[in-house]
Amino acid sequence: MLTINPTIAHAWDVPIAQARDIQLALKEKVIRQDRLKKTLSRVAGVDVGFEDNGKITRAAVAVLDFPSLELMEYAIARRDTRFPYVPGYLSFRETPAVLDALQKLSQLPEVLLCDGQGVAHPRRFGLACHIGVLTEIPTIGVAKTRFIGTHATVPEEKGGYVSLMDHGEEIGAVLRTRKGVKPVYVSIGHRISLPTAIHLVMQCVTKYRLPETTRWSDRIASNKTGDY
DNA sequence: GCGACAG
DNA sequence: ATCTTGTCGC
């Protein structure tokens with residue numbers, strides 16, 4: 001089951017200024033080194049969607065067997081949306097529902113790929129970090145578009161990548177998961193190093209741009225087509 | 001002051 | 001995120 005350290009648990013329905021304080025306090029808890037199982041057997045993806053013009057937040061977690069990437073289990077959770085979308089504070093809008101979904105799983109995943117940034121964030125505490133620090137599950141941020149940072153031209157071949165930089169600091173990697181597709185933005189969430197995160201994301205990719213973990217959670221979170 | 005801005 | 005059709009390219 002999912003247990004959150006009461007020492008770091010906090011309110012979600014807070015003003016932006018307080019959300020910022022929470023980020024500044026929790027960013028110190030982020031572990032940027034590998035603290036995950038050597039041999040993985042369960043990897044998961046999490047994504048969030050909305051219903052009723054945004055009134056309802058819906059989170060979906062898809063757990064896949066590793067390395068076969070076959071869907072093993074999934075969970076969906078819905079709750080009233082309480083926080084607006086404000087760049088830099090996405091986690092305050094989406095995390096509550098994500099925690100609910102994780103709580104429904106029969107077994108927690110050994111690593112979780114999140115749909116958004118990890119430390120590639122203005123205060124180095126994006127969605128993936130927030131979910132990771134609260135749950136202690138190793139997490140990786142896999143975003144479809146850039147939020148902050150600059151980078152050189154990304155090599156065209158599959159698996160090619162360059163550092164995502166911000167004020168001289170490496171905050172992530174811009175990774176070409178397939179030849180001829182737009183790259184994805186990978187960053188540390190919690191309990192994993194960037195090299196390991198990049199490698200793991202590639203291990204979760206088959207024939208599409210996005211890793212299977214996020215493809216499954218996307219599909220489940222948005223009630224789309226697909227058998228599962 | 002003027003843009004940029006995860007989902 | 002979500003609203004939405006056809007269309008260009010491999």
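Chain letters run A, B, ... following the sequence lines, proteins first and then strands; every chain starts at 1.
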Strictly under 3.5 Å: I want the nitrogen or oxygen pairs between protein and nucleotides 3-7 of chain C, one per line.
none

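- A salt bridge links Lys144(A) and Asp115(A); the closest N-O separation between the charged side-chain nitrogens and carboxylate oxygens is under 4.0 Å.
- Partners of Lys37(A) under the salt bridge (charged side-chain N to carboxylate O under 4.0 Å, His left out) rule, at least two apart in sequence or in another chain, are Glu110(A).
- Sorted by first and then second residue, the side chain to side chain donor-acceptor pair (under 3.5 Å) pairs with a member in residues 17-30 of chain A read Gln23(A)-Arg123(A); sequence neighbours excluded.
- Judged by centroid separation below 5.5 Å and plane tilt below 30°, Tyr185(A) does not stack onto the base of dA6(B).
- Within the structure, the side chain to side chain donor-acceptor pair (under 3.5 Å) test picks out the following pairs touching residues 174-187 of chain A (sequence neighbours left out): Glu156(A)-Arg176(A).
- For the pair Val30(A)/Arg124(A), no side-chain contact is recorded, criterion being any heavy-atom separation below 4.5 Å from C-beta on.
- Against DNA chain B, the stretch residues 124-131 of chain A makes heavy-atom approaches under 4.0 Å through Gly126(A), Leu127(A).
- Legend: residues meeting side-chain hydrogen bond (donor to acceptor under 3.5 Å, both in side chains) with Thr145(A), ordered by chain and number and at least two apart, are absent.
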Shorter than 3.5 Å, N or O on both sides, protein versus nucleotides 1-4 of chain B: list them out with atom names.
none

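- Looking at heavy atoms from C-beta onward, Leu200(A) lies in side-chain contact with Leu40(A) at the 4.5 angstrom threshold.
- Contact of the Ile31(A) side chain with the His190(A) side chain is registered, since non-hydrogen atoms from C-beta on lie closer than 4.5 Å.
- Put simply, Val14(A) and Val86(A) are part of the same group of oily side chains (I, L, V, M, F, W, Y) that touch within less than 4.5 Å, one to the next.
- Here Lys144(A) reaches the OP1 or OP2 of dG7(B): one of its side-chain N or O atoms lies under 4.0 Å away.
- Placement of Val133(A) and Leu24(A) in two distinct hydrophobic clusters is found when ILVMFWY residues are connected by side-chain heavy-atom separations under 4.5 Å, directly or transitively.
- Residues satisfying the salt bridge (charged side-chain N to carboxylate O under 4.0 Å, His left out) test with Arg58(A), not counting sequence neighbours, are Glu51(A).
- Each salt bridge (Lys or Arg N to Asp or Glu O under 4.0 Å) pair with one or both residues in residues 183-205 of chain A, not counting sequence neighbours, appears once here: Glu136(A)-Arg191(A).
- For DNA chain B, no neighbouring residue in residues 186-200 of chain A is found when judged by any heavy atom under 4.0 Å.
- One finds the CG atom of Leu164(A) at 4.0 Å from the CD1 atom of Ile171(A) (value rounded to the nearest 0.5 Å).
- Classification of the His130(A)-Phe92(A) ring pair by plane angle, with boundaries at 30° and 60°, yields perpendicular.
- For Thr145(A), a side-chain nitrogen or oxygen approaches OP1 or OP2 of dG7(B) to under 4.0 Å.
- The side-chain ring of Phe147(A) is stacked on the base of dA6(B), judged by centre separation under 5.5 angstrom and plane angle under 30 degrees.
- Taken from CD in Gln103(A) to CG in Leu108(A), the straight-line distance is 9.0 Å, to the nearest 0.5 Å.
- Note that CD1 of Ile137(A) is 13.0 Å distant from CD1 of Ile192(A), once rounded to the nearest 0.5 Å.
- Stem regions annotated for DNA chain C: none, counting only runs of 3 or more consecutive pairs of Watson-Crick or G-U type with both contacts under 3.5 Å.
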Per-nucleotide pairing state of DNA chain B [Watson-Crick or G-U, under 3.5 Å; [ ] pseudoknot-crossing; | other strand]
.......
